S.K.: 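First the structure, then my questions, so here it is.
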2 protein chains.
Amino acid sequence: MTSRPHPSNPLALAVLALLFERPMHPYEMGVILKQRHKEESIKLRYGSLYTVIELLLARGFIAARETARDGKRPERTIYEITPAGRDELHDWMVDLVGEPAKEYPQFEAALCLLPVLPPDEALALLRQRLKRIEQTTAALAGEIASISAQNFPALFLVETEYRLALLRAEQVFVAELIRRIESGWGPLDLWRGVHEDREATMNKIYREFGGAPMA
Amino acid sequence: MTSRPHPSNPLALAVLALLFERPMHPYEMGVILKQRHKEESIKLRYGSLYTVIELLLARGFIAARETARDGKRPERTIYEITPAGRDELHDWMVDLVGEPAKEYPQFEAALCLLPVLPPDEALALLRQRLKRIEQTTAALAGEIASISAQNFPALFLVETEYRLALLRAEQVFVAELIRRIESGWGPLDLWRGVHEDREATMNKIYREFGGAPMA
DNA sequence: AGGCGTATATTCGTGCACGGATATATAAAT
DNA sequence: ATTTATATATCCGTGCACGAATATACGCCT
């Protein structure tokens with residue numbers, strides 16, 4: 001049942017969804033994604049857009065319907081979704097909604113290596129991050145409120161609410177982390193030790209706990 | 001002050017951090033990343049590892065120290081970090097910790113296009129997702145508890161706590177979303193309308209609200 | 001002694017992502 | 001009337017990500 005893997009670029013999913021609505025040409029897809037603010041949730045690069053359309057074409061998920069020319073502007077090719085494309089759109093959505101995908105946020109990577117920064121510097125940077133996050137959450141919450149006030153259907157805002165929920169969780173986490181570091185978390189003497197003799201300290205830590213304290 | 005952009009692959013950051021500890025060869029870096037469970041937070045592909053080392057070498061952030069051969073096994077090149085590399089490691093960490101980076105989680109993309117699924121199906125899938133998340137959060141929380149119980153220093157677990165915090169936020173969000181849909185959220189008749197006449201309904205929604213209800 | 005799974009260690013080819021170039025049309029500004 | 005900026009529309013080259021291939025060594029079972 002599980003066929004070939006889906007295209008790797010989520011922009012391809014957006015293309016399928018738009019062509020599911022009606023046939024259109026690539027540039028128009030870009031414009032609509034922007035108008036509807038889907039750009040915030042699905043990375044849009046015009047270069048990738050055309051690459052992705054080539055890929056969907058090769059896989060038989062979309063087809064060129066007509067090639068129009070308006071005066072001397074570049075040709076526009078109008079695409080439409082195929083039955084196979086409709087299936088792919090559906091299966092892909094099922095996978096994405098039904099199963100959490102393993103992802104690698106950059107901040108998680110940074111936290112992973114946090115000991116390479118001296119504790120005082122880390123603290124200052126975390127405070128800065130917290131400020132930015134607070135600004136962003138406030139702005140996002142404001143936008144959501146003002147749009148809801150206009151009776152815009154919530155169904156078309158879920159992704160923004162999701163983003164806000166995650167951002168707030170990060171805000172709480174960072175605030176808590178700051179608080180903990182301020183009260184000697186780490187523990188701090190060990191953290192400082194890493195900076196006095198990095199290799200020895202790291203060895204000690206991971207040797208003492210068998211190298212793999214997980215599981 | 002802000003020099004050339006950092007390498008795009010966070011694995012390069014991990015390489016710098018490891019070589020900051022002591023010189024070593026690529027394969028060993030992979031092994032250590034696995035032992036320390038950093039693999040969960042920083043995507044490790046051996047193919048990418050060698051690519052990334054090539055890149056760091058070209059940028060002058062690391063240098064080949066010696067090339068050893070053990071019997072007839074393939075040659076191993078041992079690398080060390082350069083002063084420029086130490087600077088890069090530091091600057092990169094400053095950027096990552098200090099400023100939230102715009103990212104594009106797949107689930108957010110899916111939520112963006114949620115209307116393409118009929119409400120009943122979406123509901124079933126969200127319930128399935130919730131179950132998976134509950135399992136994962138329970139497992140993660142257990143691991144953290146057992147490791148802390150062994151007195152393993154919290155400093156080397158932050159990234160896991162962060163992951164857990166975000167996962168829990170998603171769990172709450174999904175649970176809430178399910179509850180809302182169950183009680184007619186969407187609104188449901190509009191959502192069903194999208195499936196009876198997709199184009200007309202979409203046009204109506206975005207025309208009524210000026211196409212851009214944000215901001 | 002022979003076979004087989006696993007660990008060691010790296011290279012290569014393919015395919016995708018994206019910045020930037022290209023070219024024309026239209027609206028605004030001077 | 002002429003420059004300037006912005007919108008329309010697509011293409012291409014470079015560089016990066018990763019799966020798969022390669023090759024040797026070692027421990028274990030029979």
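Letters A, B, ... mirror the listed sequences (proteins, then strands); counts begin at 1. Note that the structure is a prediction, hence the values are computed from the model and not measured.
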S.K.: Report the C-alpha distance between A/T137 and A/Q171 in whole Å, list the side-chain angles of each, state the deciding distance to 0.1 Å, and finish with yes or no for side chain to side chain donor-acceptor pair (under 3.5 Å).
M.R.: CA-CA 9 Å; A/T137 52; A/Q171 183 180 322; 3.0 Å; yes
S.K.: Looking at C/dT10, I'd like to know if its phosphate oxygens (OP1 or OP2) sit under 4.0 Å from a side-chain N or O belonging to B/H25.
M.R.: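 So the side-chain polar atoms of B/H25 do come within 4.0 Å of the phosphate oxygens OP1 or OP2 of C/dT10, strictly under.
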S.K.: NA contact type, B/P26, heavy-atom cut-off 4.0 Å: base, sugar-phosphate, or nothing?
M.R.: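 The answer is sugar-phosphate, as B/P26 gets under 4.0 Å only of primed atoms, P, OP1 or OP2.
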S.K.: Closer than 4.0 angstrom, basic N to acidic O: yes or no for A/R163 and B/E108?
M.R.: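 Salt bridge flag = yes for B/E108 with A/R163.
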S.K.: Dump the pairs, protein N or O against N or O of nucleotides 14-18 of chain C, anything under 3.5 Å, distances to one decimal.
M.R.:
{"residue": "C/dC16", "atom": "O3'", "partner": "A/S8", "partner atom": "OG", "Å": "3.4"}
{"residue": "C/dA17", "atom": "OP1", "partner": "A/S8", "partner atom": "OG", "Å": "3.2"}
{"residue": "C/dA17", "atom": "OP1", "partner": "A/N9", "partner atom": "N", "Å": "3.4"}
{"residue": "C/dC18", "atom": "OP1", "partner": "A/K43", "partner atom": "NZ", "Å": "2.8"}
{"residue": "C/dC18", "atom": "OP2", "partner": "A/S48", "partner atom": "OG", "Å": "3.2"}
{"residue": "C/dC18", "atom": "N4", "partner": "A/T51", "partner atom": "OG1", "Å": "3.3"}

S.K.: Nearest whole Å is fine: how far is C/dA9 P from B/Y79 OH?
M.R.: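 Distance, rounded to whole Å: 14 Å.
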S.K.: Rounded to the nearest 0.5 Å, what separation is found between the CD atom of A/Q106 and the CG atom of B/D95?
M.R.: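 Here the rounded value is 10.0 Å.
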S.K.: Atom CD of A/E28 and atom C1' of D/dT8: how far apart are they, to the nearest Å?
M.R.: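 After rounding, the gap between these two atoms is 12 Å.
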S.K.: Could you tell me, to 10°, how much the axis swings from one end of the helix from C/dA1-D/dT30 to C/dT30-D/dA1 to the other, five pairs per end?
M.R.: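 Between the axes fitted at each end of the helix from C/dA1-D/dT30 to C/dT30-D/dA1 lies an angle of 10°.
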S.K.: C/dT8, OP1 or OP2 - any side-chain N/O from B/Y27 closer than 4.0 Å?
M.R.: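 For C/dT8, OP1/OP2 do have a side-chain N/O of B/Y27 under 4.0 Å.
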S.K.: Rounded to the nearest 0.5 Å, how far does CZ of A/R86 lie from NE2 of A/H90?
M.R.: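 Nearest 0.5 Å value for the NE2-CZ distance: 13.0 Å.
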S.K.: Within this structure, what is the OH-to-P distance between A/Y104 and D/dA17, rounded to whole angstrom?
M.R.: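 That distance rounds to 14 Å.
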S.K.: Give the rounded distance in Å between these two atoms: CG of B/L49 and P of C/dC12.
M.R.: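 Nearest whole value for this atom pair: 16 Å.
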S.K.: Run the salt-bridge test on B/E28 and B/R22 with the 4.0 Å N-O cut-off and return the result as yes or no.
M.R.: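 Yes, B/E28 and B/R22 are salt-bridged.
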S.K.: Would the distance check show the side chain of A/H195 and the main-chain N or O of A/P115 forming a donor-acceptor pair, the cut-off being under 3.5 Å?
M.R.: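 Here the side-chain-to-backbone pair exists.
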S.K.: Provide, to the nearest angstrom, the distance between the CG atom belonging to A/L44 and the P atom belonging to C/dG19.
M.R.: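 These atoms are roughly 11 Å apart.
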S.K.: Find the distance B/R76:CZ to C/dA7:P and express it as a whole number of Å.
M.R.: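 Rounding to the nearest Å, CZ of B/R76 and P of C/dA7 are 18 Å apart.
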S.K.: Measure the distance from CD on B/E54 to P on C/dC12 and round it to the nearest whole Å.
M.R.: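 Distance check: B/E54 CD to C/dC12 P gives 11 Å.
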S.K.: Quick check for you: to the nearest 0.5 Å, what is the distance between B/E21 atom CD and B/L16 atom CG?
M.R.: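 Those atoms lie 13.0 Å apart.
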S.K.: Donor-acceptor pair, B/K102 side chain versus A/E40 backbone, under 3.5 Å?
M.R.: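 Looks like yes, one N/O pair under 3.5 Å.
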S.K.: Send over the distance from B/I53 CD1 to C/dA9 P, rounded to a whole Å.
M.R.: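 Computing the B/I53:CD1 to C/dA9:P distance gives 13 Å.
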S.K.: Is B/T51 reaching over with its side chain to a backbone N or O of B/G47, donor-acceptor style, under 3.5 angstrom?
M.R.: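 Yes.
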